[in-house]
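Down below is the structure, laid out as structure tokens.
Computed over heavy atoms, backbone and side chain alike; hydrogens, waters and symmetry mates excluded. Below, read A as the first sequence line, B as the second, and so on, with proteins coming before strands; counting in each chain starts at 1. Note that the structure is a prediction, hence the values are computed from the model and not measured.
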Protein chains: 2
Amino acid sequence: MPYALGTLTSDMLQLTKRTEYGLIALVHMVDQAGTFVSAREISEHYAVPRRLLAEVLKDLCRGSLVSSQRGAAGGYTLSRDAEAITVGDVVEALEGAPTLAGCESTTTAGEPTSGDCDLEPQCPIRSPLHRLRESIWRQMQATSLVALTAPPTPMVQPRLPDLSENAAS
Amino acid sequence: MPYALGTLTSDMLQLTKRTEYGLIALVHMVDQAGTFVSAREISEHYAVPRRLLAEVLKDLCRGSLVSSQRGAAGGYTLSRDAEAITVGDVVEALEGAPTLAGCESTTTAGEPTSGDCDLEPQCPIRSPLHRLRESIWRQMQATSLVALTAPPTPMVQPRLPDLSENAAS
DNA sequence: GGCATAAGGCACTGATTTGGTGCTATTTCA
DNA sequence: TGAAATAGCACCAAATCAGTGCCTTATGCC
Ligand code: SF4
Ligand code: SF4
């Protein structure tokens with residue numbers, strides 16, 4: 001069956017393994033708040049490669065999401081409240097602030113960062129795409145670790161805001 | 001200045017060049033609705049690699065987003081109304097339906113597709129992440145070509161729905 | 001002190017994806 | 001017939017990603 005359209009999966013929304021491992025570790029640490037959890041403990045608990053997880057935790061430490069303690073009985077612990085750590089923070093710490101198009105690489109400060117694409121003046125999709133990216137990014141910033149720890153959540157998906165001004169649903 | 005956190009850009013929300021080129025071509029075709037536009041014309045207009053654009057247009061044709069006409073004076077044209085073509089459609093045609101985590105590769109039909117990750121039973125972040133992905137994907141499905149063609153759009157970004165049930169902003 | 005156990009640093013490999021090109025065949029219009 | 005267009009497909013180079021090796025440094029405990 002050639003050309004099975006719809007069965008392929010894009011990775012454009014795919015979290016990297018690093019981010020997944022980071023999220024798993026952070027969620028695990030929410031329960032153990034106040035204590036230092038070692039990378040070994042987490043890696044054995046979730047069957048995650050130990051060395052890779054250590055690398056991820058290190059980056060989370062650089063991003064000030066966790067604090068580390070060296071030596072025996074050392075490990076990592078959340079450096080702030082679980083509600084103050086969002087998926088966006090994790091992605092930003094492990095992959096950098098995301099962009100939808102190459103013409104703008106928004107930092108946390110929101111600099112324009114003119115862009116490396118040379119068809120900007122002619123490009124017709126630039127501005128609306130940025131709006132879409134902003135919206136998505138905002139959702140990641142609005143999803144905190146506590147939202148990830150609440151498993152059942154029998155919530156109904158609310159109506160999405162429409163990004164265009166003329167589609168009235 | 002080592003470790004310039006916040007300046008790196010993640011590509012997790014980055015459209016591929018193929019998708020970008022596809023969107024540009026489609027938006028261009030919105031204006032020329034009814035006529036067949038050649039890949040050469042678009043590539044010269046926007047300084048996009050001709051051969052690559054042709055490849056993209058071909059995939060869009062496979063995805064039934066555009067119709068093609070061969071031979072001299074041939075080209076491509078939208079196969080349906082611009083409002084009926086969404087960013088999600090384009091992404092799906094050019095990259096496949098997206099997934100946030102590797103444990104589920106949702107097709108358009110929405111099959112479960114059990115998953116290739118072996119830490120699903122233990123994984124604490126699975127369900128909420130899927131909710132996030134759904135929400136993002138929904139936004140892409142809600143953004144049509146006409147939304148991309150409306151340049152000024154002095155619209156205020158509406159409040160986002162909160163994905164967690166306990167964060168009351 | 002000495003040792004086990006922790007994180008920190010960094011370079012490195014292998015597999016995959018992505019952007020892009022070459023070449024040929026086929027279709028259409030003049 | 002020939003130019004111009006799509007269709008198909010293989011191929012390449014660069015970038016990214018998952019994962020590992022190896023060493024250094026720090027801490028707790030005997
Ligand atoms: S200017 Fe247009 S083509 Fe260039 S990176 Fe931005 S959105 Fe993409
Ligand atoms: S089960 Fe968890 S770790 Fe595995 S792919 Fe799904 S979200 Fe990622």
### Message
I want to confirm an ordering. Mapping A:E55 and A:G71 to their closest nucleotides on DNA chain D, which one lands closer to the 5' end?
### Response
A:E55
### Task
Examine distances only and state if a side-chain atom of B:D59 and a backbone atom of B:V56 form a donor-acceptor pair shorter than 3.5 Å.
no
### Query
Ignoring hydrogens and angles, are the base of D:dC17 and the side chain of A:E95 linked by a donor-acceptor pair under 3.5 Å?
no
### Query
Contact class for A:A39 (heavy atom, under 4.0 Å): base, sugar-phosphate, or nothing?
sugar-phosphate
### OP1 or OP2 of D:dG19 under 4.0 Å from side-chain N/O of A:R50
no
### Task
Using atom types as modelled and distance alone, determine if a side-chain donor or acceptor of B:S144 lies under 3.5 Å from a backbone N or O of B:A84.
no
### Message
Just N and O in the side chain of A:R40: are any of them under 4.0 Å from OP1 or OP2 of C:dA6?
### Response
yes
### Query
Taking only N and O in the side chain of B:T16, is any of them less than 4.0 Å away from OP1 or OP2 of C:dT17?
no
### Query
Rounded to whole angstroms, how far apart are NZ on A:K17 and C1' on D:dT20?
17 Å
## Note on the structure
Comparing A:P49 with A:Q69, nearest DNA chain D nucleotide closer to 5' gives the residue A:P49
### Message
Taking 4.0 Å as the cut-off, does a side-chain nitrogen or oxygen of A:S68 come that near to OP1 or OP2 on C:dG8?
### Response
yes
### Query
Within the modelled atom types, does a donor on one side and an acceptor on the other bring the side chain of B:R70 and the base of D:dT6 under 3.5 Å apart?
yes
#### Entry: Selected nucleotide, minimal atom distance to B:S38 side chain, candidates D:dT6, D:dT20, C:dC29
D:dT6
### Query
Tell me: CZ of B:R62 to P of D:dC9, nearest whole Å?
7 Å
### Task
Report which part of the nucleic acid A:F36 touches: base, sugar-phosphate, or nothing (heavy-atom distance under 4.0 Å, all strands).
nothing
### Query
Side-chain N or O of B:Y21 less than 4.0 angstrom from OP1 or OP2 on C:dG20?
yes
### Message
Distance check needed: C:dA6 C1' versus A:I42 CD1, whole Å only.
### Response
13 Å
### Query
Given atom CD of B:E20 and atom P of C:dT18, what is their separation to the nearest angstrom?
14 Å
### Message
Counting only side-chain heavy atoms from C-beta out, which of C:dG20, C:dC29, C:dA4 sits nearest to A:A72?
### Response
C:dA4
### Task
Please test A:W137 against A:V91 for side chain to side chain contact (heavy atoms under 4.5 Å, CB included), starting from the C-alpha separation and ending with a verdict.
CA-CA 10 Å; A:W137 182 238; A:V91 170; 4.3 Å; yes
## Note on the structure
note: B:L57, atom CG; D:dA4, atom P; distance rounded to Å ~ 19 Å
### Message
Side chain of B:Y76, heavy atoms from C-beta onward: which of C:dG19, D:dA7, D:dG19 has the nearest atom to it?
### Response
D:dA7
### Query
Any donor-acceptor pair under 3.5 Å between the side chain of B:K58 and the base of D:dG8?
yes
### Task
Please assess A:T77 against A:Q69 for the test side chain to side chain donor-acceptor pair (under 3.5 Å), listing each intermediate value before the final yes or no.
CA-CA 8 Å; A:T77 192; A:Q69 166 98 31; over 6 Å; no
### Message
Would a single hydrophobic cluster contain both B:Y46 and B:L26, if residues Ile, Leu, Val, Met, Phe, Trp and Tyr are joined by side-chain heavy-atom contacts under 4.5 Å?
### Response
yes
### Task
Establish whether the base of D:dC17 is bridged to the side chain of A:Q14 by a donor-acceptor pair shorter than 3.5 Å.
no
### Query
Is a side-chain N or O of B:S79 found less than 3.5 angstrom from the main chain of B:S64, in a donor-acceptor match?
yes
### Message
Check this one for me: any side-chain N or O of B:R18 less than 4.0 Å away from OP1 or OP2 of C:dG19?
### Response
no
### Message
I need the CD-P distance between B:E44 and D:dA5, as an integer number of Å.
### Response
9 Å
### Distance, rounded to the nearest Å, where B:D59 contributes CG and D:dG8 contributes C1'
11 Å
### Task
Specify the separation, in whole Å, of atom CG of B:L53 and atom P of D:dA7.
12 Å
